[in-house]
Trainee: 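Here it is, the structure in full.
Reckoned from all heavy atoms, side chains included, excluding hydrogens, waters and symmetry mates. Every chain is numbered from 1 and lettered A, B, ... according to where its sequence line falls, protein lines coming before strand lines.
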2 protein chains.
Amino acid sequence: MDRRTSSPASGEALLFLTDEQLRQGIEAMFFAYRGFTADPDRILAEMAYGRAHHRAIHFIGRAPGTTVNNLLNLLGVTKQSLNRVLRTLIADGLVESKVGRMDKRERHLNLTQAGQELEQTLSDAQRARMRAAFRDAGPDAVAGFRTVLEAMMDSEMRASYARLRDSTL
Amino acid sequence: MDRRTSSPASGEALLFLTDEQLRQGIEAMFFAYRGFTADPDRILAEMAYGRAHHRAIHFIGRAPGTTVNNLLNLLGVTKQSLNRVLRTLIADGLVESKVGRMDKRERHLNLTQAGQELEQTLSDAQRARMRAAFRDAGPDAVAGFRTVLEAMMDSEMRASYARLRDSTL
DNA sequence: CAGTTTAAGTCAGTGTTGTTGACACTCCAA
DNA sequence: TTGGAGTGTCAACAACACTGACTTAAACTG
């Protein structure tokens, strides 16, 4: 349809919104996300774990004492899917689940010592790549990167992201 | 370990490389990628297709006449995994496979009319979100976004990305 | 030309991750 | 105290990726 904006006045300024530019952005996301997950995936593959375990460990480490329901919203998966992952993590002694004191329906999740160590190992690997990319790109590019990613989120995810970002800063 | 660089001289300039900043970048990637795939996923769910079909259709549309092997490298999956997807796409009349003229071992893949229509539908949905994010963030942020993503790729993916980007510009 | 390599496709088996459906336990309010 | 809503668990199933072994056909090579 409109390969670029049809308005003559704003045509020049909006060249970064052409379909071609958007397509490049899409492909950049695809290839970059592969790189983003590659290093932790390699580590996890040696254990019996996958990416879902990584995500659970990451967010439990990030928000200690969080409930299952809270984690569910953060991860955007079904309760049952998360539960399978949690069960193995608890059985393997990486996560502990405690019945809530106020509300006994809730379970509060925390990383054990071993869980914290694995979390550290995984995030070290992921941060190393991110750090190299950030350093190569420079602070202005990093600011732009964050701005675009935040604009790309669904509003509920943006809220979760901001909540995590602003906690314990 | 080093929560920020320990060099006093460069300490200020490298604040964007603190572990905290890197963690935010990691979480931004996670949440943004969910948004990135959400719209096409909704469309695909109504058909019998998944994300794997979308990726295949995207790259066949992007590089018409590509071979199976080429697509394999682009997607980074195994032959068996891609084959399952291609088989259904061909059976459903979205993709056609033609024996190579030069090298008859190769199969050249192209989208049919119906395939092109589905590709258009899917990428329209994905582009709409990307366009909104780009517009909100502005051209400088978009440039930074692209720079960081490219730096985050593995070198082979970066090569594939650049090859696609520079073809038929 | 015989032997090797390459491209593609297939079959069988496995693992992770997602789904839905059914169910148990807890809390709270009518 | 009973019924509804909230929280978490278990079981079964589907999608999609993986490995490994194999076949077919064509191309290359000494």
Trainee: Going through the distances and angles, do A/Glu27 and A/Arg23 end up as a salt bridge (charged side-chain N to carboxylate O under 4.0 Å, His left out)?
Mentor: CA-CA 6 Å; A/Glu27 288 170 1; A/Arg23 191 189 54 71; 2.7 Å; yes
Trainee: What closest approach, in Å, do A/Met157 and B/Arg34 show between heavy atoms, and which atom pair accounts for it?
Mentor: SD-CB, 3.5 Å
Trainee: Show your working on side-chain contact (heavy atoms from CB on, under 4.5 Å) between A/Arg135 and B/Leu17 and close with a plain yes or no.
Mentor: CA-CA 7 Å; A/Arg135 190 179 43 228; B/Leu17 290 178; 4.1 Å; yes
Trainee: I would like to know whether A/Gln126 and A/Asp39 meet side-chain contact (heavy atoms from CB on, under 4.5 Å); could you show each step before the answer?
Mentor: CA-CA 6 Å; A/Gln126 200 159 36; A/Asp39 303 319; 5.9 Å; no
Trainee: Do side-chain atoms of A/Arg129 reach the backbone of A/Gly35 as a donor and acceptor pair under 3.5 angstrom?
Mentor: yes
Trainee: Tell me, which of residues 79-93 of chain B have any heavy atom that sits under 4.0 Å from an atom in DNA chain D?
Mentor: B/Gln80, B/Ser81, B/Arg84
Trainee: Tell me which residues in residues 31-58 of chain A lie within less than 4.0 Å of DNA chain C, going by non-hydrogen atoms.
Mentor: A/Ala48, A/Gly50, A/Arg51, A/Ala52, A/His53, A/Arg55
Trainee: Does A/Arg105 offer a backbone N or O that forms a donor-acceptor pair with the side chain of A/Asp103 under 3.5 Å?
Mentor: yes
Trainee: Does one hydrophobic cluster hold both B/Met47 and B/Ile60, with members joined at side-chain heavy-atom distances below 4.5 Å?
Mentor: yes
Trainee: Considering non-hydrogen atoms only, spot the tightest contact between B/Leu111 and B/Ile57 and give its length.
Mentor: CD1-O, 4.0 Å
Trainee: Could you tell me whether the side chain of B/Thr112 and the main chain of B/Gly93 form a donor-acceptor pair under 3.5 Å?
Mentor: yes
Trainee: Reading DNA chain C from 5' onward, which residue's closest nucleotide shows up sooner: A/Val77 or B/Thr67?
Mentor: B/Thr67
Trainee: A/Gly76 near the nucleic acid: base, sugar-phosphate alone, or nothing, with a heavy-atom cut-off under 4.0 Å?
Mentor: nothing
Trainee: Compare every heavy atom of A/Leu71 with every heavy atom of A/Thr66, then report the nearest pair and how far apart it is.
Mentor: OG1-N, 4.1 Å
Trainee: Please lay out, stage by stage, how B/Leu149 and B/Tyr161 fare under the test side-chain contact (heavy atoms from CB on, under 4.5 Å).
Mentor: CA-CA 11 Å; B/Leu149 287 189; B/Tyr161 170 70; over 6 Å; no
Trainee: Heavy atoms only: give me the nearest A/Met152-A/Met29 pair and the separation to one decimal.
Mentor: SD-CE, 4.1 Å
Trainee: List for me each residue that meets ring-ring contact (aromatic ring centres under 6.0 Å, His included) alongside B/Tyr33, sequence neighbours excluded, and say none if there are none.
Mentor: A/Tyr33, B/Phe36
Trainee: Can we call the ring centroids of B/Phe30 and A/Phe59 under 6.0 Å apart?
Mentor: yes
Trainee: Go through DNA chain D in 5' to 3' direction and return only the first and the last nucleotide with some atom under 4.0 Å of chain B's heavy atoms.
Mentor: D/dC16 to D/dA27
Trainee: Tell me which residues in residues 96-107 of chain A put a heavy atom below 4.0 Å from DNA chain C, sorted by number, or none.
Mentor: A/Asp103, A/Lys104, A/Arg105
Trainee: Does a side chain donor of either A/Glu20 or A/Gln24 reach within less than 3.5 Å of an acceptor in the other side chain?
Mentor: yes
Trainee: On DNA chain C, reading 5' to 3', which nucleotide is the first and which the last to sit with an atom under 4.0 Å from a heavy atom of chain A, could you check?
Mentor: C/dT16 to C/dC27
